[in-house]
Structure formats: structure tokens, C-alpha cells
J.: 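Please read through the structure below; I'll follow up with questions.
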Amino acid sequence: MDFEEILNGFTPITLTESISLIKTNEPLILKSRLGKNVQEMLDEVCIFEVEEASYNLAPVGYPNDPASNINISRKITSYSVVPPQIYLRDRITASEINKARVAGMNPINMSRQNKATSYDRIVANKQQGLRKLIDRRTEWLFAQALKGKINYTSDTGRVFAFDYKLPNAISLGGNTWDKVNDPGNPIHDLRTLAKHFRAINNQLAPDLIILGGKAGDAFMNNPHVEEWLKRPDTQMVQLQTNLAKGEATPIARLQNAELFEYSATYENDKGKATPYIEEDYVYLTNSTLWRLFYGAINDFDAGNPPLVTGALFSKMKQSEDGKVMDIFAESHPLPVIVSNSGVVKAKVTE
């Protein structure tokens with residue numbers, strides 16, 4: 001078995017299957033909670049509908065009454081959106097393969113198993129890195145959607161913009177949680193926000209409450225919360241999240257909604273640590289109102305027809321001079337919320 005035979009084992013199908021199985025330990029609360037309902041498109045374009053809340057009741061009457069003409073007041077808007085396209089490349093050099101062999105073994109006498117093992121290990125590491133970057137970007141897209149808009153310009157100058165038309169932030173009447181004297185009561189405020197959420201979503205209750213970093217600090221340091229957490233009937237969240245403390249920390253379960261502090265950051269284009277969500281806000285939503293759409297990927301390496309319907313596609317190419325291999329990963333994700341009243345947020349710190 002030579003190197004070429006080993007490389008032939010890394011087909012786009014096997015690479016795509018392997019990268020799809022990789023699980024990262026990133027604090028991806030938004031993607032894991034809001035991206036559970038995945039829908040894969042048969043084309044590059046994602047087609048979906050967004051509904052505005054309706055409070056109508058069906059007409060009633062006696063059996064022989066004439067049928068009623070009704071006007072369903074709810075409004076449904078259809079969208080066709082080409083999602084953001086993530087296309088990544090990482091390079092494998094011939095020297096990397098040789099360095100990855102068993103220590104002290106002469107490359108001329110290197111066994112077939114050691115050759116294959118070196119390739120497997122390097123390809124797996126490269127794919128894991130690519131998968132992490134894709135998952136972080138998908139989390140970033142969810143964070144932007146939660147705030148109401150995705151708007152960015154890529155390195156190549158391609159502009160993507162989509163407005164989810166979410167409601168403006170709710171005012172808590174100046175009762176911020178971090179006041180030294182007479183601070184607001186977060187428990188009462190969250191109940192009020194939850195009631196408002198139910199009122200505009202036909203009594204659908206929020207099942208996820210996200211606190212930004214500063215909001216989470218204000219919540220945990222608030223004297224009303226300290227007393228509340230001591231109560232025997234307070235349900236503390238018992239989740240095996242394996243998430244880093246301070247990045248995505250489960251706090252409690254409030255009226256059957258998971259309550260998280262979310263302080264995770266990413267590095268922006270200027271190298272500055274930037275929070276995924278606004279630090280001084282709280283967000284309430286229901287995960288059943290969210291979808292994670294994937295646009296199809298056009299690629300001749302996928303076969304005939306050159307179309308990939310799925311979340312990820314991976315392939316590998318050898319350079320003409322045979323000195324390097326490029327491993328690619330591609331994904332076209334788009335978070336979608338199917339109701340424009342599905343997020344309620346409020347500023348909770350000064």
C-alpha cells in the first residue's frame with residue numbers, strides 16, 4: 001500500500017461522514033438549544049415562512065346556521081434566502097506526514113499501518129479544527145438572529161443581510177438588577193417578561209432564558225435572587241452540560257424554562273474578544289419556534305448530479321506538484337425563527 005492508495009480511502013463521502021460525527025466541547029448553547037429542528041434544502045436557496053401572532057377563535061353557532069365567512073387575520077410572510085456560505089481550507093504538507101510517524105522509525109521502512117495511521121490522525125485533527133470553526137460561526141449566526149439581524153461583509157466583499165423583524169427591547173421601568181440601593185427583583189421581572197412572551201405568542205411559554213455576562217453577574221449578586229435560591233422549592237438545573245464555567249453556566253429552572261448565563265466570546269477581525277450576545281440583556285424564547293436551515297452545496301466532487309443536501313461537505317485535493325494536500329469543509333447554515341414575536345428581551349443592568 002503506497003500513499004496514493006491511502007489517499008484514495010479519503011473520498012468526499014467518507015470525509016463528510018467523519019466530519020459530521022465530530023462533537024466539539026464548545027459552549028454552544030444557542031446552536032444546541034435553538035438548532036434542534038434541522039431542515040435541509042434541495043437547492044442553495046432556503047425557503048421558509050414567518051408568521052405574525054394571531055388571536056382569532058373559530059366561529060361558533062347552531063348546526064343549521066349558514067357557514068361563516070372568516071378572514072384569518074394572521075399574516076404569513078414567505079422568504080427565499082441564500083444562506084451564508086462557509087468554505088474553509090486547511091493544508092497538509094508531506095513533511096507533516098513524516099513528522100507524524102512513529103518516533104525513531106525510518107520513513108523508508110515505515111509500515112503500511114504506520115502510514116495510514118499518520119494520515120488518519122492528521123486528517124482527523126484538521127477536520128476537527130474545521131468543524132470547530134463552522135460550529136462557532138453557526139453559533140454566531142444564532143446570536144445575531146437572537147438580537148434581530150444578521151448583517152456582515154465577508155473578506156471577499158460579499159454582503160449578507162437579513163432582518164428578522166423582532167420586537168424592540170422591553171423596558172423594566174428603570175428597575176435594573178445591579179442598583180446598590182433598592183435593586184430590581186429579577187425573579188419578578190423574569191415572570192413579568194414570561195407573561196408578556198405568552199401574551200404575544202398565544203400562551204406559548206418560553207423554555208429558554210439567556211442572560212448576558214453582565215446580566216448574569218447582576219442576577220447572581222442580587223439580594224432578591226440570593227434569598228430565592230435558598231428556598232427549598234427552587235429548582236436548580238441539573239444538567240450535564242460539560243460547559244466551561246463562566247461561558248455557558250446553567251443557573252436554575254424558572255417556570256420550566258432553562259436559565260443560563262452566557263458569557264462566551266469569539267475573536268473578531270481585529271483580534272478582540274467579543275461576546276456572542278449583548279452582555280447587559282436578558283433574552284426569552286421558545287426553542288420550538290426556531291429552525292436550522294442548510295442550503296444545498298454545489299460541488300462536482302459530490303458526484304453526478306453535483307449536489308450535496310446536508311449540513312456539511314468535506315473533500316481533499318492534492319496539489320499538482322504533489323507537495324501538499326488541501327482538506328476542505330463547506331456548510332451553508334441559516335438560523336430561522338418562524339414567528340417574529342418569538343423573542344422577548346430587556347436591558348437589566350445600568
Side-chain angles (χ1 to χ4, degrees), residues 23-41 46 48-51 53 79 81 83-84 86 131-132 134-152 160 162-167 169 190 193-194 197-198 200-201 204-213 215-216 237 239 241-243 247-251 253-266 275-279 281-295 311-312 331-346:
K23 304 296 182 183
T24 64
N25 59 355
E26 298 289 313
L28 305 177
I29 281 296
L30 302 181
K31 181 176 182 292
S32 64
R33 295 305 193 275
L34 304 180
K36 293 180 290 187
N37 191 334
V38 176
Q39 298 187 17
E40 298 169 352
M41 296 290 98
C46 292
F48 57 92
E49 295 180 335
V50 177
E51 177 183 342
Y79 293 94
V81 180
I86 301 172
R131 178 61 189 262
K132 281 185 176 181
I134 291 173
D135 283 346
R136 288 175 188 169
R137 176 58 75 177
T138 306
E139 180 80 350
W140 181 88
L141 290 170
F142 270 107
Q144 301 307 302
L146 194 67
K147 291 185 285 188
K149 295 180 181 180
I150 297 177
N151 194 340
Y152 73 90
F160 180 90
F162 187 75
D163 189 343
Y164 290 83
K165 297 182 174 61
L166 300 180
L190 289 177
L193 292 172
F197 185 95
R198 291 196 300 270
I200 63 176
N201 286 283
L204 178 68
D207 64 2
L208 183 65
I209 302 174
I210 300 288
L211 302 173
V237 175
L239 300 176
T241 56
N242 297 320
L243 300 175
E247 292 184 328
T249 306
I251 297 176
R253 189 177 293 275
L254 181 63
Q255 294 183 324
N256 292 322
E258 291 182 279
L259 178 62
F260 279 89
E261 176 189 339
Y262 190 36
S263 303
T265 61
Y266 61 92
Y276 280 92
I277 66 173
E278 295 162 295
E279 293 187 284
Y281 278 81
V282 58
Y283 295 83
L284 290 79
T285 190
N286 188 292
S287 58
T288 63
L289 300 176
W290 290 81
R291 309 286 185 269
L292 177 53
F293 278 72
Y294 285 102
L312 282 165
S331 183
H332 299 179
L334 179 67
V336 167
I337 183 166
V338 297
S339 170
N340 66 352
S341 60
V343 177
V344 169
K345 71 173 184 177

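Here, residue 1 is the first one in the sequence, and each next residue gets the next number. Hydrogens, waters and symmetry mates play no part in the numbers below; they use all other heavy atoms, side chains included. Fair warning: this is a prediction, and the values are worked out from it, not measured in the lab.
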J.: Dump the intermediate steps for side chain to side chain contact (heavy atoms under 4.5 Å, CB included) on N201 and S339, then the final yes or no.
T.: CA-CA 8 Å; N201 286 283; S339 170; 3.8 Å; yes
J.: Does the side chain of T288 come within less than 4.5 Å of L204's, by heavy atoms?
T.: yes
J.: Over all heavy atoms of both residues, which pair between I150 and A145 is shortest? Give the atoms and the distance, please.
T.: CG1-N, 4.2 Å
J.: Taking C-beta and beyond as the side chain, do C46 and Y294 meet within less than 4.5 Å on heavy atoms?
T.: no
J.: Quick one: do the Y266 and W140 side chains pair a donor with an acceptor below 3.5 Å?
T.: yes
J.: Test your reading of the model: is there a side-chain donor-acceptor pair from E139 to the backbone of K31, 3.5 Å cut-off?
T.: yes
J.: With sequence neighbours left out, write down each residue that passes side chain to side chain contact (heavy atoms under 4.5 Å, CB included) with N151, or none if nothing qualifies.
T.: A161
J.: Pick one: which of R131, R137, K132 meets side chain to side chain donor-acceptor pair (under 3.5 Å) with D135?
T.: R131
J.: Going by side chain to side chain contact (heavy atoms under 4.5 Å, CB included), name the residues that satisfy it together with L166, two or more places apart in sequence or in a different chain.
T.: Y164, I337, V343
J.: For V344 and V282: C-alpha separation, side-chain torsions, deciding distance, then whether side chain to side chain contact (heavy atoms under 4.5 Å, CB included) applies.
T.: CA-CA 8 Å; V344 169; V282 58; over 6 Å; no
J.: To the nearest 0.5 Å, tell me how far I209 CD1 sits from R253 CZ.
T.: 10.5 Å
J.: Does D207 reach the main-chain N or O of S287 with its side chain, forming a donor-acceptor pair under 3.5 Å?
T.: yes
J.: To the nearest 0.5 Å, tell me how far I134 CD1 sits from S331 OG.
T.: 5.5 Å
J.: Got a second to check how far I200's CD1 is from N340's CG, nearest 0.5 Å?
T.: 8.5 Å
J.: Looking only at heavy atoms, what is the nearest atom pair of F197 and L284, with distance?
T.: CE1-O, 3.7 Å
J.: For a quick test of reading the model, state the closest non-hydrogen atom pair linking P83 to P333 and the distance between them.
T.: CB-O, 3.7 Å
J.: Between R33 and E258, is a salt bridge (Lys or Arg N to Asp or Glu O under 4.0 Å) present by the stated rule, with each step listed?
T.: CA-CA 10 Å; R33 295 305 193 275; E258 291 182 279; 3.2 Å; yes
J.: Check the pair Y262 / T249 against side chain to side chain contact (heavy atoms under 4.5 Å, CB included), numbers first and verdict last.
T.: CA-CA 7 Å; Y262 190 36; T249 306; over 6 Å; no
J.: Just verifying a value: how many Å separate L211 CG and I251 CD1, rounded to the nearest 0.5 Å?
T.: 5.0 Å
J.: Output all residues satisfying salt bridge (Lys or Arg N to Asp or Glu O under 4.0 Å) with R136, sequence neighbours left out; order by chain, then residue number.
T.: E26
J.: For A169, what residues pass the side chain to side chain contact (heavy atoms under 4.5 Å, CB included) criterion, not counting sequence neighbours?
T.: Y281, K345
J.: Taking only residues two or more places apart in sequence, or in another chain, which ones meet V81 in a side chain to side chain contact (heavy atoms under 4.5 Å, CB included)?
T.: F48, Y79, F160, F162, L334
J.: Calculate, to the nearest 0.5 Å, the distance between atoms CZ and CD belonging to R291 and Q39 respectively.
T.: 6.0 Å
J.: Report yes if the side chains of L292 and L34 come closer than 4.5 Å at any heavy-atom pair, otherwise no.
T.: no
J.: Please report the shortest heavy-atom distance between A205 and N286, naming the atom on each side.
T.: O-ND2, 2.5 Å
J.: Any chance you could measure L28, atom CG, to Y276, atom OH, to the nearest 0.5 Å?
T.: 6.5 Å
J.: Holding to side-chain hydrogen bond (donor to acceptor under 3.5 Å, both in side chains), I want the full list of residues that pass it with T285, two or more places apart in sequence or in another chain.
T.: W290
J.: Any idea which heavy atoms bring S341 and P167 closest together, and the distance?
T.: CA-CD, 4.4 Å
J.: Are the side chains of K147 and Y283 in contact, using a 4.5 Å heavy-atom criterion?
T.: yes
J.: So I29 and I210, side chain to side chain contact (heavy atoms under 4.5 Å, CB included) or not? Walk me through it.
T.: CA-CA 9 Å; I29 281 296; I210 300 288; 3.8 Å; yes
